[in-house]
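Within every chain, numbering begins at 1; the chains are lettered A, B, ... in the order of the sequence lines, protein sequences first and strands thereafter.
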Number of protein chains: 2
Amino acid sequence: MGLTKTKEFTKTQNEIAAMAKALAHPARIAILQFLAKQKSCVCGDIVEELPLAQSTVSQHLKELKSVGLIKGEIEGPAVCYCIDLKALAKIKSIFGELFSEVEQNTCC
Amino acid sequence: MGLTKTKEFTKTQNEIAAMAKALAHPARIAILQFLAKQKSCVCGDIVEELPLAQSTVSQHLKELKSVGLIKGEIEGPAVCYCIDLKALAKIKSIFGELFSEVEQNTCC
DNA sequence: AACCTTTATCGTATTTTTACGATTAATAGA
DNA sequence: TCTATTAATCGTAAAAATACGATAAAGGTT
C-alpha cells in the first residue's frame, strides 16, 4: 500500500480499509467464490483452480486469514480452508453501515 | 498493487476487486464520510479535514473518481466533489451479491 | 528411518501505492 | 493586466503488494 498514515485516521476508518484491502484482488475474490460453491476446501484444490503459483496462492490465503474471512484447519498433511461466517457477517454490517452512512449525502 | 494477472480472472472478479481497492485506504473512507455528512464538498475543505498534503488528497479523489464513486463539478476556481448515488447503489449491489454468494458456504 | 505429499516461508524482482514539494493551469478579483 | 486562490499534475522517494522459484516444515506412507 505504500506508506500510509494509519494513526491519523479513526479505528473504524482503518478497519473498513483493511477489510476492503483483503477484497482488493481478483485472486482473493476467486478464492472466496470457490470456497463458497465447492464442497472441497483443500488448499491444493484452490491452487489447481487459480492461475497462480502455489506460493502466491498461499500468500493470498494468508491475507484473507489475517482479516478473519477464512480459517484453515489441518487435515493430515493438507489444510482445509473455510469461510468464517461470523467474520463475513461482520464485514457485511461494516460495509452496510458505511454505505447507508454515505447514502445520506446532504451536499450538492 | 504490484504486478497482477488481471487477464486470468473474470470481469466480475476484477470489477469487485477494483471497487474494493478504491475503498482500501482510510483516507478515502474519511473522504466519503466527510462528503456524506458535510454540506460543503469543496476540495479545499476536504484537504483541511484530512491530515494529508493537498496533492495527496487530490490523488485520493482521483482514485475515487476513477471508479465513479464521486464526481467533481467546477465551481469558479474551486471544485465541488459529490458522491454519485448511482455508483454507490451499484457498489452496494455488487458487494451484496458477493456476500450472499459466499454465504452459501457448502464446505466444512 | 526413508520417502512422498502438502503447505508455509524465505529471498528476490517487479510493479504499484502512498506521500510530499514544486510547478502548472484555470478562475476570480483588484 | 497583475495577483491571489484553488486544484491538478509532475517528479521523486519510500514502502507495500504481487509473483515466482527454492527451501523448509509437518504429516502420512512404505
task: Evaluate the side-chain proximity of A:F34 to A:D45: yes if any heavy-atom separation is below 4.5 Å, no if none is.
output: yes

field: Short side-chain N/O contact from A:K21 to OP1 or OP2 of D:dA17, under 4.0 Å
entry: yes

Spacing of B:E73 atom CD relative to D:dT6 atom P, expressed in whole Å: 18 Å

query: Roughly how many Å is it from OH in A:Y81 to P in C:dT6, rounded to a whole number?
result: 15 Å

task: Calculate the interatomic distance between A:E63 atom CD and C:dA8 atom C1'; express it in whole Å.
output: 15 Å

task: Please report, rounded to the nearest Å, how far the P atom of C:dT6 is from the CG atom of A:D45.
output: 10 Å

- prompt: Can you check the A:K65 NZ to C:dT9 C1' distance for me, whole Å?
  reply: 12 Å

field: Protein-nucleotide distance (A:L64, atom CG; D:dT18, atom P), rounded to Å
entry: 11 Å

query: If every non-hydrogen atom of B:K65 is compared with every non-hydrogen atom of B:I70, which pair is closest and at what distance?
result: CG-O, 3.4 Å

message: For a quick check under 3.5 Å, do B:Q13 and B:T10 share a side-chain donor-acceptor pair by atom type?
response: yes

statement: Scoring nucleotides 19-30 of chain C by protein non-hydrogen atoms under 4.0 Å (B base, S sugar-phosphate only, - none) yields BBBB----BS--

- prompt: Should the pair B:H25 and A:F9 be assigned to parallel (<30°), tilted (30 to 60°) or perpendicular (>60°) ring geometry?
  reply: perpendicular

- prompt: Hey, what do you get for B:C43 versus B:C80: SG atoms under 2.5 Å apart or not?
  reply: no

- prompt: Do A:H60 and A:L52 come close enough that some side-chain heavy atom pair is under 4.5 Å?
  reply: yes

Whole-Å gap separating C1' (C:dT7) and CG (A:L50): 15 Å

